[in-house]
2 protein chains.
Amino acid sequence: MEQLLKSVKIAINENIYVKDPESSDLGKRIIEESILMINEVGFESFTFKKLGIRIKSNESSIYRYFENKHKLLLYLTSWYWGWLEYQLVFATNGIQNPGEKLEKAIEIVTKTTVEDSAFSHINEILLNKIVINEYSKSYLTKEVDKENKDGYFVIYKRLVNRISEMINNFNPDYKYPSSLASTILEGSLHQNFLKDHFSSLTDCHAKEDPTHYFLHLAFSSLKS
Amino acid sequence: MEQLLKSVKIAINENIYVKDPESSDLGKRIIEESILMINEVGFESFTFKKLGIRIKSNESSIYRYFENKHKLLLYLTSWYWGWLEYQLVFATNGIQNPGEKLEKAIEIVTKTTVEDSAFSHINEILLNKIVINEYSKSYLTKEVDKENKDGYFVIYKRLVNRISEMINNFNPDYKYPSSLASTILEGSLHQNFLKDHFSSLTDCHAKEDPTHYFLHLAFSSLKS
DNA sequence: CATCATATAATAGTAATACTATTATATTTG
DNA sequence: CAAATATAATAGTATTACTATTATATGATG
């Protein structure tokens, strides 16, 4: 898998960036260091000026890659979902049995992220933390409908739909496949957040807990 | 219920505000108009300066009630959760049967908000929209642990715990009562958001759909 | 190897934001 | 009526989120 992934590039909607960050060394440094910095200071305090100082480049040079930090967040989270989608498709591809397939899918999307050496400038573990802490902010905006129309959320939507289809294949009579799929994806981020900051509001404390919880939730819904 | 509620005040942690907005006419106008304005322009574009102009008062006067707009958001959302908690307790109080009680609770917290005439300066329908669109932003911050320690989220936590206890009363063997409770509350906000902006990611399209979805989700989990 | 294009860096500037501080003017209360 | 308190007006600051311009470095092509 590692070898194969090395030649794979996660395709991001071209309108999200001004210039493809994968196309230059500076671009890759922007991605690499922004992931570290957003984790350190949070998205609100993160600015292009500070990032410029950190990567020993200039604020205005970063603007040649991304219009603003919102677009950079969209880029980072799209990349994450694309990466997760790749893992999902790869891991479930050969499975014929719909129950097994769905089980594997839920495992993939709810498990704790491990680093992937295929993309050297991207720290997937920290990127997962960014998604947990900041993803909602990318769509809870007044511009969401326009940006959705412009295709900024296609990868996420495709991922939800893939899970929704697997749910449907397992039980075609179940009435809420899309809601269950979106609940699993969003809920997994939420339970992970609660684990770290509001532990009394969750029963997920160990690594595998969110996976067990969502497996139980999904399969009991689909079997009844 | 209406008559009784008229003498009820939703108690908000005193550290959230500088001066109690319920204590003056200006304070109530700040609450009333900020709800309208955040709905209109979104939390990001909302500023105390603009609110001051709108209520024909001064920016600096608003600062005498709230340190910043983040605190105002905490106030508004705490009020909402307090109001919902009151409805929950009131509606489920007399119910002895744990299944019925939980069913009622899920109905209350997932149903579409209707206006409550008891609090004339607060539009609960719009406040519910603010909670859907902005609540996450109030805790997805670098200050969350400190603010949690300071008790800024107590009402929300109490609400989740109430539901969690009802789940536990219905099925003491179920392993994830807190996770299920937080999934229902957060998930309900999320499904409502998807309904309005990403309809392909949800099966909740009509008014009662989130309730039906979460009732099915909860009870099939708890019966298996 | 010269030149031409492009990428990057440096500098400066702007409007808006998120405040703080000070003073003036109402309004309430004791 | 005086004193305290609430509100309003004004001004000021550091930071943010950009845009614009110019300078410099690198690299590709003829």
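Below, chains carry the letters A, B, ... as their sequence lines are ordered, and counting in each starts from 1. Quick caveat, the model's predicted, so the values are computed rather than measured. Basis for what follows: all heavy atoms, side chains included, without hydrogens, waters or symmetry-related copies.
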* To do: Starting at atom CD1 of I62(A), determine the distance to atom C1' of dA17(D), rounded to an integer number of angstrom.
  => 13 Å
* Structure fact -> Separation of dC19(C) atom C1' from H70(B) atom NE2, nearest Å, is 16 Å
* Find the distance Y63(A):OH to dA10(C):C1' and express it as a whole number of Å. => 16 Å
* Asked: Would you say the side chain of E59(A) and the base of dC18(D) hold a donor-acceptor pair, judged only by whether the two atoms sit under 3.5 Å apart?
  -> yes
* Asked: Between dT10(D), dA7(C), dT7(D), which nucleotide gets closest to the side-chain atoms of N58(B)?
  -> dT10(D)
* To do: Mind running a 4.0 Å heavy-atom check of residues 139-147 of chain B against DNA chain D and sending the residues that fall below it, in number order?
  => none
* Note: E143(B)-K146(B) ion pair, threshold 4.0 Å (strictly below) -> no
* Structure fact -> Per-nt protein contacts along nucleotides 25-30 of chain C (heavy atom under 4.0 Å; B base, S backbone sugar-phosphate only, - none) come out as ------
* **Whether K28(A) side chain and H121(A) backbone form a donor-acceptor pair below 3.5 Å** => no
* For the pair E40(B) and R54(B), evaluate salt bridge (charged side-chain N to carboxylate O under 4.0 Å, His left out) and give the outcome as yes or no after the intermediate values. => CA-CA 13 Å; E40(B) 283 167 26; R54(B) 176 151 175 164; 2.9 Å; yes
* Is the number of heavy atoms from other residues, nucleotides or ligands under 6.0 Å of K49(A) NZ greater than 12? -> no
* Check step by step if side-chain hydrogen bond (donor to acceptor under 3.5 Å, both in side chains) holds for E124(B) and T113(B). => CA-CA 7 Å; E124(B) 290 82 11; T113(B) 304; over 6 Å; no
* Asked: Under 4.0 Å between a side-chain N or O of S24(B) and OP1 or OP2 of dT5(D)?
  -> no
* Does D145(A) come within less than 4.0 Å of K149(A), counting only side-chain N to carboxylate O? -> no
* Asked: With a 4.0 Å cut-off, would you call E85(B) and R158(B) a salt bridge?
  -> yes
* Base dA10(C) paired with S60(A) side chain (donor-acceptor, <3.5 Å) -> yes
* Beyond-backbone contact of I30(B) with P21(B), side-chain heavy atoms, under 4.5 angstrom -> no
* Would you indicate what F66(A) reaches in the nucleic acid, counting non-hydrogen atoms under 4.0 angstrom: base, sugar-phosphate, or nothing? => nothing
* Asked: Is any NZ, NE, NH1 or NH2 atom of the basic residue among E44(B) and K142(A) found under 4.0 Å from an Asp or Glu carboxylate oxygen of the other?
  -> no
* Asked: Atom CG of L72(B) and atom C1' of dT17(C): how far apart are they, to the nearest Å?
  -> 16 Å
* **Ring-face cation of K157(B) near F198(A) (centre distance under 6.0 Å, axis angle within 45°)** => no
* **Rounded distance (Å) that lies between atom C1' of dT21(D) and atom CZ of R64(A)** => 13 Å
* To do: Determine, stepwise, if the pair K129(B) / D196(B) fulfils salt bridge (charged side-chain N to carboxylate O under 4.0 Å, His left out).
  => CA-CA 11 Å; K129(B) 292 205 166 140; D196(B) 290 342; over 6 Å; no
* Asked: Which of residues 25-55 of chain A sit near DNA chain C, with a heavy atom under 4.0 Å from it?
  -> L26(A)
* Asked: Given dA18(C), dA7(C), dA6(D), which nucleotide is nearest the side-chain atoms of Y65(A)?
  -> dA7(C)
* Side-chain N or O of S57(A) less than 4.0 angstrom from OP1 or OP2 on dT8(C)? -> no
* Asked: Are Y80(A) and Y135(A) an aromatic pair by the rule of ring centers under 6.0 Å?
  -> no
